[in-house]
Amino acid sequence: MTHKIISYFTFSLCLLLSLSPFVHMHPFAYSQLDYNFYDRSCPRLSTIVRYNLWAAIRNDTRMAASLLRMHFHDCIVNGCDGSVLLDDTEDFKGEKNALPNIKSLRGFEVIDNIKADVERFCPSTVSCADILTLAAREAVRLAGGPFWPVPLGRRDGTTASEKAVNEQLPSPIEPLENITAKFTSKGLDIKDVVVLSGGHTLGFAQCFTFKRRLFDFNGSGKPDPTLDSSALTNLRSICPQKDSANSNLAPLDSTNLKFDNAYYTNLVSNTGLLESDQALVKDPNTAAMVNSYSANPFLFSNDFAASMVKLGNVGVLTGKDGQIRKKCGSVN
């Protein structure tokens with residue numbers, strides 16, 4: 001018991017220390033948001049989110065990965081404004097049905113259910129952007145990952161853009177330098193690329209996102225030579241070379257329902273699934289971090305929490321900007 005208390009205290013202290021540089025570097029982001037934003041106006045918020053996430057993951061174990069991914073897709077495209085939740089309208093074609101998201105992003109009904117519960121207790125008070133940010137944190141925690149404090153007070157965007165998704169969202173077949181440029185354009189850095197890629201410790205990928213590694217890498221007509229041979233055989237059995245297999249699912253790491261550092265140990269052993277993941281061990285700017293996280297799960301959890309706070313503060317709307325949507329799929 002004493003050991004657990006000391007471990008928890010150590011983790012909390014390290015998390016606080018890891019977050020403090022960001023607070024000093026980005027004071028305006030933090031001055032606009034507040035850890036206690038809903039303490040008076042919606043004190044049950046955290047409990048409502050936590051219960052709904054528990055029920056959703058109990059019903060569908062993939063949901064933790066799905067909600068973490070949805071939060072990333074929201075924030076990396078024009079900021080954390082809940083725009084990924086908006087349905088298309090006559091005025092705009094939004095993010096939800098953009099090519100990287102359609103038939104891929106999932107969990108919208110979970111966010112809608114949370115929003116409906118929150119509206120019953122705290123009408124027109126809590127943004128969908130904040131609900132999605134809290135849901136991602138709870139998803140990671142329920143999958144065995146770290147807990148981190150989430151500053152709140154985001155407001156919801158009133159439009160969404162399919163074009164922005166296609167331009168801003170990193171692709172699994174993009175060069176690492178392109179992905180890094182997309183991160184840095186949002187105020188993130190190369191460490192955040194490595195750390196947030198570790199979110200692939202949870203979930204699955206559809207075969208079409210990595211199939212060329214198995215059969216025709218870079219137009220060679222041969223598989224990716226860096227892919228472990230036994231992993232290649234296994235993946236070809238899941239993803240045979242026919243179009244009907246494109247939507248088949250392969251696990252992103254060897255323990256894909258549990259938040260841990262197996263993603264990085266897989267990369268070190270050349271069994272990473274996506275090109276963009278395996279590229280992290282080929283680049284000298286990122287390889288050392290991959291090796292560190294593969295050897296130290298505590299370091300990964302700590303750094304992941306810090307990078308998630310940074311991600312959650314990208315491009316936020318606060319004050320009188322945006323709105324508090326009554327339903328997450330449509331503007332008021």
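Along the sequence shown, residues carry numbers from 1. Note: hydrogens, waters and symmetry copies are ignored here, and every other heavy atom, side chains too, is used.
A donor-acceptor pair shorter than 3.5 Å can be found between the side chains of Ser230 and Asp228. Residues Asp130 and Tyr38 have side chains that bring a donor and an acceptor to within less than 3.5 angstrom of each other. Remark: the Thr158 side chain and the Arg325 side chain contain no N/O donor-acceptor pair separated by less than 3.5 Å. When only modelled atom types and interatomic distance are considered, Asn270 and Thr226 share no side-chain donor-acceptor pair under 3.5 Å. Judged purely by distance below 3.5 Å, without hydrogens or angles, the side chains of Gln168 and Lys186 pair a donor atom with an acceptor atom.
More than 12 non-hydrogen atoms from other residues, nucleotides or ligands lie less than 6.0 angstrom from NZ of Lys182. Around NZ of Lys282, the count of heavy atoms belonging to other residues, nucleotides or ligands within 6.0 Å exceeds 12.
Residues Lys191 and Asp303 are paired through a salt bridge, judged by an N-O separation under 4.0 Å between the basic side chain and the carboxylate. By the 4.0 Å N-to-carboxylate-O rule, Lys310 lies close enough to Asp189 to be salt-bridged with it. The pair Arg155-Asp321 does not count as a salt bridge, with every side-chain nitrogen at least 4.0 angstrom from each carboxylate oxygen.
Glu138 approaches Leu53 most closely through the heavy-atom pair CB-CG, 3.9 Å. Shortest non-hydrogen contact noted between Ser161 and Ala164 is OG-N, 3.0 Å. Of all non-hydrogen atoms in Pro240 and Asn248, the two that sit nearest each other are CD-ND2, 4.4 Å. Contact record, Trp148 with Ala305: CB-CB, 3.8 Å, taken as the closest heavy-atom pair.
By the criterion of side-chain heavy atoms lying less than 4.5 angstrom apart, applied directly or through intervening Ile, Leu, Val, Met, Phe, Trp or Tyr residues, Phe217 is not grouped with Leu273; the two fall into different hydrophobic clusters. At a threshold of 4.5 Å between side-chain heavy atoms, the hydrophobic network of Ile, Leu, Val, Met, Phe, Trp and Tyr places Leu202 and Leu257 in two separate groups. In terms of hydrophobic clustering, with Ile, Leu, Val, Met, Phe, Trp and Tyr side chains grouped at heavy-atom distances under 4.5 Å, Leu280 and Leu252 are assigned to different clusters. Cluster membership check: Ile179 does not share its hydrophobic cluster with Leu274, using side-chain heavy-atom separations under 4.5 Å among Ile, Leu, Val, Met, Phe, Trp and Tyr. Tracing side-chain contacts under 4.5 Å through hydrophobic residues (I, L, V, M, F, W, Y), one never reaches Phe204 starting from Tyr263; they form parts of separate clusters.
With Thr125 contributing its side chain and Pro123 its backbone, the two residues share a donor-acceptor pair below 3.5 Å. In this structure a side-chain-to-backbone donor-acceptor pair under 3.5 Å is present from Asn291 to Ala287.
Leu299 contributes atom CG, which lies 5.0 Å from atom OH of Tyr293 (distance to the nearest 0.5 angstrom). For the atom pair Arg137 CZ and Leu67 CG, the distance stands at 13.5 Å (nearest 0.5 Å). For the atom pair Glu162 CD and Glu95 CD, the distance stands at 10.0 Å (nearest 0.5 Å). In this structure, the separation between CG on Asn78 and NZ on Lys163 is 10.0 Å, given to the nearest 0.5 Å. To the nearest 0.5 Å, atom CG of residue Leu132 and atom CZ of residue Arg154 are 9.5 Å apart. From Ile131, atom CD1 reaches atom CD1 of Ile48 across 8.5 Å, with rounding to the nearest 0.5 Å.
When side chains are defined from C-beta on, Cys239 counts as touching Leu214, because their heavy atoms get closer than 4.5 Å.
Checked against Tyr264 for a side chain to side chain contact (heavy atoms under 4.5 Å, CB included), the options Asn296, Asp277, Val194, Val281 give a single hit: Val194.
The cationic atom of Lys96 (NZ for Lys, CZ for Arg) lies less than 6.0 Å from the six-membered ring centre of Phe108 and within 45° of the ring axis.
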**Q.** Derivation of the side chain to side chain contact (heavy atoms under 4.5 Å, CB included) call for Ile173 and Ser171
**A.** CA-CA 5 Å; Ile173 60 172; Ser171 160; 3.3 Å; yes

Q: Applying side chain to side chain contact (heavy atoms under 4.5 Å, CB included), run through Lys327 and Glu119 and close with a yes or a no.
A: CA-CA 9 Å; Lys327 292 188 176 180; Glu119 284 295 306; over 6 Å; no

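Checked against the 6.0 Å centroid criterion, the rings of Phe259 and Phe300 qualify as a close aromatic pair.
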